[in-house]
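Presented below is the structure to which this report refers.
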Number of protein chains: 4
Amino acid sequence: MRPEDKPDGQKRSFVEEARRAQIIESAIGTLAELGYTGTSLARVAERVGISKGVISYHFAGKAELMEQIVERVYRDIAQFVLSRLEKEATATGALRETIRSVAEYMRDHRTQLLALGEVVTNLRTTPDGALRYGIAFNEPIYDAREALFRRGQQAGEFRPFDARVMSVTVQAALDDMFAYWVTHPGHDLEAHAEELADLFEHATRSEDPGATANR
Amino acid sequence: MRPEDKPDGQKRSFVEEARRAQIIESAIGTLAELGYTGTSLARVAERVGISKGVISYHFAGKAELMEQIVERVYRDIAQFVLSRLEKEATATGALRETIRSVAEYMRDHRTQLLALGEVVTNLRTTPDGALRYGIAFNEPIYDAREALFRRGQQAGEFRPFDARVMSVTVQAALDDMFAYWVTHPGHDLEAHAEELADLFEHATRSEDPGATANR
Amino acid sequence: MRPEDKPDGQKRSFVEEARRAQIIESAIGTLAELGYTGTSLARVAERVGISKGVISYHFAGKAELMEQIVERVYRDIAQFVLSRLEKEATATGALRETIRSVAEYMRDHRTQLLALGEVVTNLRTTPDGALRYGIAFNEPIYDAREALFRRGQQAGEFRPFDARVMSVTVQAALDDMFAYWVTHPGHDLEAHAEELADLFEHATRSEDPGATANR
Amino acid sequence: MRPEDKPDGQKRSFVEEARRAQIIESAIGTLAELGYTGTSLARVAERVGISKGVISYHFAGKAELMEQIVERVYRDIAQFVLSRLEKEATATGALRETIRSVAEYMRDHRTQLLALGEVVTNLRTTPDGALRYGIAFNEPIYDAREALFRRGQQAGEFRPFDARVMSVTVQAALDDMFAYWVTHPGHDLEAHAEELADLFEHATRSEDPGATANR
DNA sequence: CATGAATGAGGTTTCATTCAT
DNA sequence: TATGAATGAAACCTCATTCAT
């Protein structure tokens with residue numbers, strides 16, 4: 001949220017920050033619409049109505065612009081979801097709320113998430129061709145969710161299972177819920193989310209009927 | 001498997017088919033290594049050791065080459081998985097076998113699947129910027145798996161749930177299992193697959209303990 | 001040394017003159033380090049820690065900045081060498097002292113001389129591509145040295161030779177002494193200068209053994 | 001003289017070699033006329049009447065084109081001068097013949113030598129800003145000439161002097177003879193060369209009028 | 001006086017494609 | 001069938017310069 005300072009520690013001026021935000025917005029729109037390959041600096045500039053050179057003036061290069069997009073969108077979604085989880089006491093409740101809040105975020109930030117996906121799966125900065133982000137980018141999410149699952153297991157809410165695999169799978173389910181919804185605009189996102197919540201509740205809950213009840 | 005005929009209906013000669021296969025192989029390797037953006041026709045040609053023009057000679061353009069890759073890889077994986085499912089009687093068994101066979105295929109076809117993913121998520125042929133494949137590409141898979149789930153539900157093996165959402169989620173789980181394994185080479189793919197099978201068994205099985213037993 | 005007035009005849013303020021000097025110093029450093037091509041106004045400004053626009057404010061353009069560099073460095077070296085020659089009576093002595101004093105100047109003004117060379121051999125201001133300075137820039141030096149040689153010849157110290165060729169060659173020897181020393185930092189500059197002095201003493205001295213002795 | 005093979009060992013086709021030569025010729029002309037800074041690939045292509053991309057097709061980049069120029073011109077001049085020296089028996093004779101042959105070469109290859117100078121003093125390939133050639137490029141010449149001087153000293157033709165300094169100075173004298181002639185088209189190059197020969201004969205010859213031994 | 005911001009031309013390079021041989 | 005050669009557009013980036021504040 002808070003505007004980043006320059007690499008050399010200097011603050012950015014208000015005007016500069018506004019331009020950067022404007023360019024980032026434009027790049028997000030272009031990415032969502034035309035994909036990574038179709039997003040040239042020229043098109044981004046054209047969409048803003050500025051000269052090509054302005055982007056080079058405000059960003060070190062195309063890579064930095066892309067990284068800024070990832071950083072902003074990621075920060076935004078993390079903040080949103082985390083704020084929703086604070087009030088949940090049980091692990092089961094937190095899992096369901098995670099799915100619900102993510103779905104809600106997706107509905108309101110379709111463009112940003114599309115752009116994020118384009119960059120994460122395509123940006124390569126090193127000459128060896130390795131992805132700058134890729135799926136490794138999800139590692140903090142996996143870690144947090146893994147901790148949640150372990151907590152639920154220790155509390156007896158959850159059956160024993162591999163917490164890492166479950167974490168990866170939950171994220172996969174969320175990502176493809178989004179992708180499916182994008183492709184099928186009439187699809188009911190909330191219903192999908194509820195189905196997912198049920199699905200993972202069944203998949204995780206303790207099998208011993210006498211254990212600590214949830215819901 | 002069977003070589004496609006030319007658009008004008010003529011058969012392709014054996015030599016021509018061999019060249020096409022060779023170029024496709026090279027393109028798959030390049031896609032897996034350098035990603036969609038890094039895969040230029042020049043690099044593909046260089047890898048085979050032929051002149052750039054040859055590709056244009058054998059394929060109508062870059063798009064057709066990419067489409068051929070999708071077709072070949074997709075046909076191959078479908079054939080493999082379907083042959084594995086024939087012997088499964090129960091829906092539950094078919095689901096577990098699906099996951100196992102897909103995992104097995106992934107282990108042996110890492111490169112092809114990476115390339116497939118690059119093309120599916122990046123190839124755009126129309127000027128409006130729409131993806132040529134995208135997730136809609138999975139529709140036949142969803143349909144088939146949906147039918148499986150309905151069958152299981154009617155047989156009492158499965159609890160009631162939205163078969164479409166479950167289908168999408170299974171595919172998501174498989175795709176990210178692959179992606180995770182690619183990023184973490186030491187990860188145990190088979191164990192992951194078994195965990196997924198357990199996960200979806202719990203997620204789908206009938207809750208009424210008295211109903212038709214599974215397994 | 002004395003600050004130039006503005007083209008319109010106005011005097012420059014002290015502050016303005018200081019800024020100009022600061023920018024010139026920075027440009028000299030950049031030229032010496034990165035060469036003419038690598039010396040952009042952006043880099044010069046960055047080195048001083050000022051905005052790019054400041055340079056354009058104080059100088060009519062890149063060309064004027066470069067010309068100012070030439071003027072300052074040239075004025076400085078001329079003043080230094082001329083002051084050393086005042087006390088020399090004989091032409092032979094003056095020649096040796098020229099070489100010695102130039103060498104001494106080179107040792108203490110490596111950066112400035114490197115910058116001077118970059119500008120002299122690269123700056124072009126007219127659209128026809130002609131060098132602004134080039135070797136013609138040495139003409140005053142040639143003239144002065146030619147006069148010295150003629151004086152020596154008339155005094156019988158020097159043998160008959162083409163004074164212009166000798167002048168050009170002395171300057172060439174000095175320039176390449178500098179260039180060689182820059183490339184071979186361990187090279188003994190003073191010894192090189194003495195060798196040059198001997199070389200040109202042999203090359204110039206009167207062959208008639210009975211003539212006015214020197215040294 | 002002989003066309004270089006490709007880096008991967010393959011021979012170049014006749015047509016390709018012709019194009020490369022044509023582009024190199026054009027670049028030489030542009031360098032001589034407009035200098036290093038004024039020599040863009042676009043201008044070189046325009047002069048040949050080809051598309052910009054052709055240069056990139058035949059050369060790895062601007063740097064390789066420049067290096068090819070250096071290599072060709074250098075090889076040519078070395079071959080010319082060395083062939084002239086074969087018949088000289090004495091060191092004194094070889095020195096005079098060197099000067100004469102270089103002057104003759106200069107008269108007939110003004111453009112090439114101008115281009116060579118531009119590249120040698122300006123081409124930088126490493127990001128640290130170091131010159132690709134610079135004066136270090138003369139090292140083989142210095143070495144050869146140094147050997148000649150030592151031979152002359154041992155034979156008693158030459159007085160004792162620092163052979164390295166003498167070598168550097170001879171080269172400087174030749175280079176500036178060229179530069180002076182370029183700037184003063186009416187200047188008599190042959191006369192200048194004879195003067196230089198006399199100059200260095202006086203500068204090098206044994207002082208003891210009697211004998212083989214010196215000093 | 002100084003600055004940050006913007007401009008637009010021009011630089012090198014890569015790319016998919018075409019074509020004569 | 002295959003190739004080398006060429007094309008021209010478009011990519012990213014740098015540059016000197018201008019201008020409002």
Side-chain angles (χ1 to χ4, degrees), chain A residues 10 12-16 18-20 37-45 48-65, chain B residues 12-13 15-16 18-20 37-45 48-65, chain C residues 12-13 15-16 18-20 37-45 48-65, chain D residues 10 12-16 18-20 37-45 48-65:
Chain A
Q10 287 186 333
R12 279 186 224 281
S13 78
F14 172 75
V15 180
E16 175 166 11
R19 253 287 186 261
R20 279 172 66 95
T37 304
T39 302
S40 67
L41 295 189
R43 244 193 283 253
V44 173
V48 191
I50 55 176
S51 164
K52 254 186 306 180
V54 183
I55 299 182
S56 293
Y57 177 77
H58 287 286
F59 297 89
K62 190 183 185 179
E64 201 221 317
L65 172 56
Chain B
R12 283 187 218 281
S13 78
V15 178
E16 181 169 2
R19 256 285 188 259
R20 280 171 66 94
T37 306
T39 301
S40 66
L41 295 189
R43 252 192 277 253
V44 173
V48 192
I50 57 175
S51 164
K52 253 183 303 182
V54 186
I55 299 181
S56 296
Y57 180 81
H58 285 286
F59 296 90
K62 191 183 184 180
E64 201 221 319
L65 171 57
Chain C
R12 284 186 219 280
S13 79
V15 179
E16 181 169 0
R19 257 285 188 262
R20 281 172 64 96
T37 305
T39 300
S40 67
L41 295 189
R43 250 193 278 254
V44 172
V48 192
I50 57 176
S51 163
K52 255 184 302 181
V54 186
I55 299 181
S56 295
Y57 180 80
H58 286 286
F59 296 90
K62 191 183 185 181
E64 201 221 318
L65 171 57
Chain D
Q10 286 186 332
R12 279 186 224 283
S13 76
F14 172 74
V15 180
E16 175 167 11
R19 254 287 186 260
R20 281 172 66 96
T37 305
T39 301
S40 67
L41 296 188
R43 244 191 284 254
V44 173
V48 190
I50 55 178
S51 165
K52 254 187 305 182
V54 183
I55 299 182
S56 293
Y57 177 77
H58 287 286
F59 296 90
K62 191 183 184 178
E64 201 221 315
L65 171 57

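Given the structure is predicted, the values throughout are model-derived calculations rather than measurements. Hydrogens, waters and symmetry mates are skipped; everything else that's a heavy atom, side chains included, is used. Residue numbers start from 1 in every chain, and the chains themselves are labelled A, B, ... in the order their sequence lines are given, proteins ahead of strands.
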Secondary-structure notation, DNA chain F, from Watson-Crick and G-U pairs under 3.5 angstrom (| other strand): .||||||||||||||||||||

Nearest-nucleotide check on DNA chain E, A:Ser51 vs C:Ile50; residue mapping nearer the 5' end is C:Ile50

One pair to check against side chain to side chain contact (heavy atoms under 4.5 Å, CB included): C:Val44 and C:Lys52. What are the steps and the verdict? CA-CA 8 Å; C:Val44 172; C:Lys52 255 184 302 181; over 6 Å; no

No-H, no-angle donor-acceptor pair, A:Ser13 side chain to E:dG4 base, under 3.5 Å: no

Within the pair C:Arg43 and F:dT14, is there a side-chain N or O less than 4.0 Å away from OP1 or OP2? no

Rounded to the nearest Å, what distance is computed from the CZ atom of residue B:Phe59 to the P atom of nucleotide F:dA2? 12 Å

Closer than 4.0 Å, any side-chain N/O of B:His58 to the OP1 or OP2 of F:dA2? yes

Shortest non-hydrogen pair, A:Ala45 vs A:Ser51, comes out as CB-O, 4.0 Å

Protein and nucleotides 16-20 of chain F: nitrogen or oxygen contacts under 3.5 angstrom:
{"from": "F:dA16", "atom 1": "OP1", "to": "C:Lys62", "atom 2": "NZ", "distance (Å)": "2.8"}
{"from": "F:dA16", "atom 1": "OP2", "to": "C:Leu41", "atom 2": "N", "distance (Å)": "2.8"}
{"from": "F:dT17", "atom 1": "OP2", "to": "C:Lys62", "atom 2": "N", "distance (Å)": "3.0"}

Given E:dT7, E:dA5, F:dA6, identify the nucleotide with an atom nearest to the side chain of D:Val54. F:dA6

A:Arg20 CZ - E:dA5 C1' separation (whole Å): 14 Å

Rounded distance in Å - CD1 (A:Ile55) to P (F:dA11): 12 Å

Think A:Arg19 has a side-chain N or O under 4.0 angstrom from the OP1 or OP2 of E:dA6? yes

Expected list for residues 58-65 of chain C: side-chain donor-acceptor pairs under 3.5 angstrom, two or more places apart:
{"from": "C:Lys62", "atom 1": "NZ", "to": "C:Thr39", "atom 2": "O", "distance (Å)": "3.1"}
{"from": "C:Glu64", "atom 1": "OE1", "to": "C:Ala60", "atom 2": "N", "distance (Å)": "2.7"}
{"from": "C:Glu64", "atom 1": "OE2", "to": "C:Arg20", "atom 2": "NH2", "distance (Å)": "3.4"}

Choosing from E:dC1, F:dA5, E:dG4, which nucleotide comes nearest the side chain of D:Glu16? F:dA5

